[in-house]
Amino acid sequence: MAAGDGDVKLGTLGSGSESGREGGSGSPGGAGVVAEGGGWAAAALALLTGGGEMLLNVALVALVLLGAYRLWVRWGRRGLGAGAGAGEESPAAALPRMKKRDFSLEQLRQFDGSRTPRILLAVNGKVFDVTKGSKFYGPAGPYGIFAGRDASRGLATFCLDKDALKDEYDDLSDLNAVQMESVREWEMQFKEKYDYVGRLLKPGEEPSEYTDEEDTKDHNKQD
């Protein structure tokens, strides 16, 4: 926008000079027109090089910061969830689908990508197979901290530190309404992109017995 304004002003200055030259060659008052056009041009240039230039610089900085923020919001979420599994191929991605089952925290931690090629993580009590996103969730990936763990708190607070992970079952009861809504949104995004393979069990909770028919039905819903 700033560049466009500058183009308009430069074009106007050029038109003034052109009319001055035409006046000088075609009318007796040409010299007066040139002088008048020159004064207007000098005033405009002074404005541009003074306070006007500062305003333009501030506007440009604001536009750059706004653009960077929009890119961060758009691509940050894609990297973590919805777009993280798109277009990725690896040996781990060729693993057969995991049969549906429920997991305790201890069982979930076995699937962190280091002990086995398969990578699982939990969001809002649901366990997802994110193996095809190993580039992101593998041991060397930027979000590898969530592999084999309950990622709900980290996703809700956008925290990639160990403080966002708990060794015991996390009921998320201290999260506010906005953070819980964010957890549910992440759950839906992971459900759209990755295989849902079971529930994360609460302490003392017994795992469900899934039939082959139920397992096939859930997989077909995702396909």
Check [X] against [Y] and note the closest heavy-atom contact, atom names and distance.
| X | Y | result |
| --- | --- | --- |
| Phe146 | Cys159 | CZ-O, 3.7 Å |
| Asn124 | Ser152 | N-OG, 2.7 Å |
| Ser182 | Ala156 | OG-CA, 4.1 Å |
| Leu155 | Phe190 | CD1-CE1, 3.9 Å |
| Lys100 | Tyr210 | CE-CE2, 3.5 Å |
| Ala164 | Gly154 | CB-CA, 3.5 Å |

Are any non-hydrogen side-chain atoms of [X] and [Y] less than 4.5 angstrom apart?
| X | Y | answer |
| --- | --- | --- |
| Met98 | Leu120 | yes |
| Asp129 | Phe111 | no |
| Phe103 | Leu201 | no |
| Lys126 | Val123 | no |
| Gln107 | Arg101 | yes |

Next item on the list: Assess whether atom CD of Glu168 is packed by more than 12 heavy atoms of other residues, nucleotides or ligands within 6.0 Å.
Entry: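 Enclosed: over 12 neighbouring heavy atoms sit under 6.0 Å from CD of Glu168.
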
Margin query: Just to verify, what does Asp112 make a side chain to side chain contact (heavy atoms under 4.5 Å, CB included) with, not counting sequence neighbours?
Written below: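 Scan of Asp112 (side chain to side chain contact (heavy atoms under 4.5 Å, CB included), adjacent residues dropped) gives Ser114, Arg115, Ala147.
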
Item checked: Partners meeting side chain to side chain contact (heavy atoms under 4.5 Å, CB included) with Ala122 (sequence neighbours left out) ->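 Partners of Ala122 by the side chain to side chain contact (heavy atoms under 4.5 Å, CB included) criterion, ordered by chain and then number, come out as Leu108, Val127, Asp150, Leu200.
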
Please confirm whether the backbone N or O of [Y] pairs with a side-chain atom of [X], one donor and one acceptor, at under 3.5 Å?
| X | Y | value |
| --- | --- | --- |
| Lys132 | Lys193 | yes |
| Glu192 | Gln189 | no |
| Asp195 | Val197 | no |

[X] side, atom [atom1]; [Y] side, atom [atom2] - distance, nearest 0.5 Å:
| X | Y | atom1 | atom2 | result |
| --- | --- | --- | --- | --- |
| Trp186 | Phe158 | CH2 | CZ | 6.5 Å |
| Asp102 | Arg199 | CG | CZ | 4.0 Å |
| Leu105 | Lys166 | CG | NZ | 11.5 Å |

Note to self: Under the rule for side chain to side chain donor-acceptor pair (under 3.5 Å), what residues qualify as partners of Asp167, not counting sequence neighbours?
What the structure shows: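 Only Arg149 meet the side chain to side chain donor-acceptor pair (under 3.5 Å) criterion with Asp167.
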
Check: Mind checking what makes side chain to side chain donor-acceptor pair (under 3.5 Å) contact with Asp161, not counting sequence neighbours?
Finding: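 Once residues adjacent in sequence are excluded, Asp161 has no partner under the side chain to side chain donor-acceptor pair (under 3.5 Å) criterion.
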
Margin query: According to salt bridge (charged side-chain N to carboxylate O under 4.0 Å, His left out), who are the partners of Lys202, at least two apart in sequence or on a separate chain?
Written below: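 Expected list: none.
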
Notebook entry, point to check: Which residues satisfy the salt bridge (charged side-chain N to carboxylate O under 4.0 Å, His left out) test with Arg184, sequence neighbours excluded?
Noted result: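 Here the qualifying residues are Glu181.
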
Notebook entry, point to check: Out of Val183, Leu165, Asp174, which one pairs with Arg153 under the side chain to side chain contact (heavy atoms under 4.5 Å, CB included) rule?
Noted result: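 With Arg153 as partner, side chain to side chain contact (heavy atoms under 4.5 Å, CB included) holds for just one option, Asp174.
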
